[in-house]
Number of protein chains: 2
Amino acid sequence: MEGKTGEKGLVLVLTGKGKGKSSSAFGMVMRCLGHGMRVGIVQFIKGAWETGEAKFLRRFPEEVEIKTLGEGFSWETQDRARDVAAAERAWAEARRMLADPRYDFVLLDEINVALRYEQIPLDPVLEALAARPPMQHAVLTGRNAPERLVELADLVTDMTLVKHPFRSGVKAQKGLEF
Amino acid sequence: MEGKTGEKGLVLVLTGKGKGKSSSAFGMVMRCLGHGMRVGIVQFIKGAWETGEAKFLRRFPEEVEIKTLGEGFSWETQDRARDVAAAERAWAEARRMLADPRYDFVLLDEINVALRYEQIPLDPVLEALAARPPMQHAVLTGRNAPERLVELADLVTDMTLVKHPFRSGVKAQKGLEF
């Protein structure tokens with residue numbers, strides 16, 4: 001199947017401290033929609049508030065399935081049992097999508113954060129990625145991607161923070177950050 | 001206007017060799033659409049072929065104006081006069097958008113490449129960014145962002161290449177790269 005002009009499903013990891021991880025994944029979702037591909041999305045952290053991307057994608061229920069199962073950031077809720085339960089529910093949806101060839105593109109948004117805080121174990125994630133349909137693309141975002149996930153991935157970008165306005169007192173902006 | 005919770009239009013620069021510069025900008029476009037914001041896009045390099053993002057965004061002519069004026073990559077066409085003329089046309093559209101407060105978000109996709117190859121001069125770009133409407137966001141993408149643009153920007157991410165499948169013989173994939 002592979003070769004110099006090979007087509008196959010890829011595993012992409014978007015990590016690092018800079019801005020652009022989730023937004024890059026959502027830009028790829030837009031490209032997929034332009035090509036008539038079917039998309040599945042699980043948001044592991046976001047969900048406590050309605051993001052612009054979720055609001056927009058709900059206009060296309062035939063083309064995009066989006067599950068926002070997160071409970072916000074764990075350092076805000078301080079309720080580990082609730083965070084773990086939410087991450088497990090999110091992972092159950094993700095595993096279903098990764099096993100289903102009808103999804104051309106599966107986005108696991110901020111899953112790296114759930115892995116980092118050990119809300120879900122890494123091994124089942126690596127196994128599900130390895131066993132997924134051969135033409136399906138999977139994109140995993142969030143800071144601190146685990147090393148074994150980076151090893152498994154086909155493409156990895158580290159969004160490196162050069163300059164960020166939060167540091168100079170500007171708050172998160174509608175359209176840019178959410 | 002500014003302060004710890006200040007809202008203002010930001011200049012974002014997405015640069016570096018890794019994947020995710022343009023796709024991140026298009027993810028922000030999706031967020032803007034979710035919030036009912038009006039978007040202007042100029043693609044400086046792309047345009048020779050129809051991308052997934054352009055195909056998709058043409059569905060929303062009231063919300064998004066997208067100009068694809070590029071002639072492809074200059075190292076492919078080998079026709080500098082044609083490249084310069086295309087970049088100048090693209091810049092004329094960009095300058096119009098940067099002067100118009102009806103655009104909440106202006107994306108100058110791959111403009112850094114046009115600047116790098118000196119197809120358009122840098123000074124008018126910096127001037128137009130500095131003089132734009134105060135609530136307008138402007139996003140500039142492409143490798144090798146000029147240093148003076150990085151200085152002017154509020155937010156800069158360097159998409160750092162960790163691993164890329166083109167190096168192992170996998171071609172650009174629909175939905176991911178275009």
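Values reported hereafter were calculated over all heavy atoms of this structure, with side chains retained and with hydrogens, waters and symmetry mates removed. Per chain, numbering begins at 1; letters A, B, ... match sequence-line order.
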Report task. Sort B/M159 into side chain, backbone, both or neither according to what part of it lies under 4.5 angstrom from a heavy atom of chain A. Result -> both
Query raised in the report: Any donor-acceptor pair under 3.5 Å linking the side chain of B/H35 with the backbone of A/F178?
Result: yes
**Report entry** Which portion of A/M30 sits near chain B, non-hydrogen atoms under 4.5 angstrom
**Finding:** both
Query raised in the report: Any chain of hydrophobic side-chain contacts (each under 4.5 Å) joining B/F56 to A/M37?
Result: no
**Report entry** Distance, nearest 0.5 Å, that separates OG1 of A/T157 from NZ of B/K21
**Finding:** 8.0 Å
Requested in this report: Compute whether any side-chain donor of one residue and acceptor of the other, for B/S24 and A/S23, lie under 3.5 angstrom apart.
Outcome: yes
Query raised in the report: Most heavy-atom pairs under 4.5 angstrom with chain B, which of A/G36, A/C32, A/G27, A/A153?
Result: A/G27
Query raised in the report: Taking A/K163 for the side chain and B/E151 for the main chain, is one N or O donor matched with an acceptor at less than 3.5 Å?
Result: yes
Report task. Measure across A/R31 and B/S22 and return the closest heavy-atom pair with its distance rounded to 0.1 Å. Result -> NH2-CB, 3.7 Å
Report summary line: Ranking A/V29, A/V162, A/V156 by heavy-atom pairs under 4.5 Å to chain B gives rank one to A/V156
Requested in this report: Determine, using the 4.5 Å side-chain heavy-atom cutoff (strictly less than), whether B/W91 and B/V84 are members of one ILVMFWY cluster.
Outcome: no
Query raised in the report: How many angstroms lie between CD in B/E7 and CD in A/Q173, if you round to the nearest 0.5 Å?
Result: 5.0 Å
Report summary line: Ranked by heavy-atom pairs below 4.5 Å to chain A, first place among B/L176, B/L57, B/L33 goes to B/L176
Report task. Can you tell which part of B/R58 gets under 4.5 Å to a heavy atom of chain A, answering side chain, backbone, both or neither? Result -> neither
Show me the donor-acceptor pairs, under 3.5 Å and distance only, between side chains in residues 120-138 of chain B and residues at least two apart or in other chains.
from   : atom 1 : to     : atom 2 : distance (Å)
B/D123 : OD1    : B/R148 : NH1    : 3.4
B/D123 : OD1    : B/R148 : NH2    : 2.5
B/R132 : NE     : B/Q136 : O      : 2.9
B/R132 : NH1    : B/L129 : O      : 2.9
B/R132 : NH2    : B/G9   : O      : 3.1
B/R132 : NH2    : B/Q136 : O      : 3.0
B/Q136 : NE2    : B/M97  : O      : 3.1
B/Q136 : NE2    : B/D100 : O      : 3.3
B/Q136 : NE2    : B/Y103 : O      : 3.1
B/H137 : ND1    : B/L10  : N      : 3.0

Report task. Assess whether atom CZ of B/R38 is packed by more than 12 heavy atoms of other residues, nucleotides or ligands within 6.0 Å. Result -> yes
**Report entry** Any side-chain heavy-atom pair of B/L155 and A/E177 under 4.5 Å
**Finding:** yes
**Report entry** Those residues of residues 11-19 of chain A, ordered by number, that approach chain B below 4.5 Å (heavy atom to heavy atom)
**Finding:** A/L12, A/G18, A/K19
Requested in this report: May I ask you to check whether over 12 heavy atoms, not counting those of A/E63, lie within 6.0 Å of atom CD?
Outcome: yes
